[in-house]
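A short write-up of the structure that comes next.
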Amino acid sequence: MKGPLEGIVVLDMSRVLAGPWSGQLLADLGARVIKIEHPERGDDTRSWGPPWLGEGEDDAVASSDPDRLAAYYLCANRGKQSLGVDIATPEGQQLIQRLAAGADIMLENFKVGGLARYGLDAETLRAENPALVVCSITGFGQDGPWSHRPGYDFMVQALGGLMSLTGEPDGMPMKTGVAITDVMTGLYATVGVLGALHERAQTGQGRHVDVALMDVQLATLANQALNALVSGENPQRLGNAHPNIVPYEAFACADGYLVLTVGNDAQFSRLAALLGHPEWAEDPAFITNAARVGNRDSLVSHINSVLKTRDRDEWLAEFEARGIPAGPINGVSEAFANPQAQHRQMHCTLKNGTREIPQVANPLRFDGVSATSTVAPPTLGQDSDRVLASMGVSEEDIARLRSEGIIR
C-alpha cells in the first residue's frame, strides 16, 4: 500500500532525536527520506550505546564495528536511506545542493547560521528551488537573544517549566523518563512541513519552518500553562497526582501499585460504592470534582486505606467490571506484552540483511493498515551509491569521492 506522501523527497540533515523523529514519521508516511551523515561519525546516536543490536554483544566489539547499531539510533531512523557525505568539502556541498534542487523538504538542526558557511542554508537553497520546504529545528529559534545557544532536551525541560511540575512534592524536580520535548518537537516539525506542503500545492512556493525546543516545551505545558497564567501562581509538583482532577493518581494495594483515573462524578459515585463508602458521593466535601480537588488530602487518605486491603489485580478486575478507569503500572516490557499492544502489533521486526531489528510501530493507521515503513534503519552510508547513481553521478566519480573521503 502506497503511503500518502509517496513521491515526496526529504533531505534529513538532522541528528539525534527531534529532527530524525520527524524524518522517520515522513518516511513512514511514504516519503523518500535521504539521511545525510558525516562519512566517518554518522549520526551522534549511532554511538549512544549500550545497548547495541545483537544479543550478548559486548561494548568493546560494538565500539570497534563501523556498522554497529545502538538502540537509541534504531528508534528514530526507520525507512531512510543513508548517504555519508562530508559537507565541509566543496564537492560534498555541491552534492547536497543538487539533491536539494530536486527535493521537497529539508530537515536540519544545525545552530542558527551554521549551514550558511556551506551554502546550504534555507535562503540559499530556496533561491535555487523556491518550492523547497526547509524546516530548521533549534533550541531557541531563529531569532531572539538566546537564538545562538545550543538546546538540549534535558536543559529545555528545566528552562521551560516541565521539571518544576515533575517529581514528588518534597523531592528534587525531575525530568521525564523519555526525551519528550525532542519527541514533541519532531511531531510539531512534521505538522509544520505538512502544512507548508499543502500550501505549496496552491502557491507553488515553499516555506522556511522555524521550530524551537523551548517554544514546543512551553506550548505543551497545556493545562499547567493555563493554570499558571490564569491563577498567576506557579503550579506545584504533585508526584503522581493531577492538579485539576481527584482522584487521579497512583495508589498502593496489598501487593503492588495501580493508577486510578476518575474523570467525572458518575465514575466517582461508582468508585465510592465499590470501596464501601457510597456516602462519599453525597458528601459536600467530595460531591463534585472541584470539591474533591479542594479536599484532596482527606479523600486520597480514605481511598488509600481501602485499596491496601486487597491485591492489585483483584481491584483492577472490580474497576473493569464497573467501568471505573484504572490500570497497572507496567514496565516497558510488560507494556509491549499487553494483549491490546500485541493485537495492534506495536512491536514489529524489520530486516537489514541478516539482522533482525526490533521496532515500535507507527501509531497511525490508514484504512486499517499500519503506517510503518518496512525499511529497516540503515547502516552508515548504506545507500550512498544508490542515491548518487540516481543523481547521475558515474561509478568512476563515486569511487573517486569515496577514495578522497568525501563520501562513505
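Computation of the quantities below employed the complete heavy-atom set of this structure, encompassing side-chain atoms and omitting hydrogens, waters and symmetry-equivalent molecules.
- If you check the side chains of Gln24 and Asp12, you find no donor sitting under 3.5 Å from an acceptor.
- Between Glu37 and Arg408, no side-chain nitrogen of the basic residue sits less than 4.0 Å from a carboxylate oxygen of the acidic one, so the salt-bridge criterion is not met.
- Taking the charged nitrogens against the carboxylate oxygens, Asp265 and Arg270 have no contact shorter than 4.0 Å, which rules out a salt bridge.
- Salt bridge status for Asp383 with Arg386: present, with a side-chain N to carboxylate O gap under 4.0 Å.
- Using a 3.5 Å distance cut-off with no hydrogens or angles, the side chains of Arg32 and Gln81 do pair a donor with an acceptor.
- Of the N and O atoms on the side chains of Glu40 and His38, not one donor lies less than 3.5 Å from an acceptor on the other residue.
- At a cut-off of 3.5 Å, with distance as the only test, no side-chain donor of Asn304 or Ser301 sits close to an acceptor on the other residue.
- Residues Asn338 and Asn330 have side chains that never bring a donor and an acceptor to within less than 3.5 angstrom of each other.
- Between the CG atom of Asp385 and the CD1 atom of Ile398 there is a distance of 5.0 Å, given to the nearest 0.5 Å.
- For Arg15, there are no salt bridge (charged side-chain N to carboxylate O under 4.0 Å, His left out) partners two or more places apart in sequence or in a different chain.
- Residues Phe140 and Leu159 form a side-chain contact, since some pair of their non-hydrogen atoms from C-beta on lies under 4.5 Å apart.
- Side-chain contact check for Ser82 versus Arg46: some heavy-atom pair is nearer than 4.5 Å.
- The 12-atom threshold is exceeded at CD of Glu334, counting heavy atoms of other residues, nucleotides or ligands nearer than 6.0 Å.
- Every residue two or more places apart in sequence or in another chain was checked for a salt bridge (charged side-chain N to carboxylate O under 4.0 Å, His left out) with Glu6, and none qualifies.
- Between the side chains of Gln217 and Thr181, at least one donor N or O lies within less than 3.5 Å of an accepting N or O.
- Side-chain N/O atoms of Asn244 and Asn227 include a donor and acceptor closer than 3.5 Å.
- The aromatic rings of His302 and Trp280 lie parallel to each other, their planes meeting at an angle below 30°, with 60° marking the opposite boundary.
- Between the side chains of Ser147 and Gln142, no donor-acceptor pair of N or O atoms lies under 3.5 Å.
- Side-chain N/O atoms of Glu108 and Ser14 include no donor and acceptor closer than 3.5 Å.
- Annotation: Glu320, atom CD; neighbour count of heavy atoms from other residues, nucleotides and ligands within 6.0 Å does not exceed 12.
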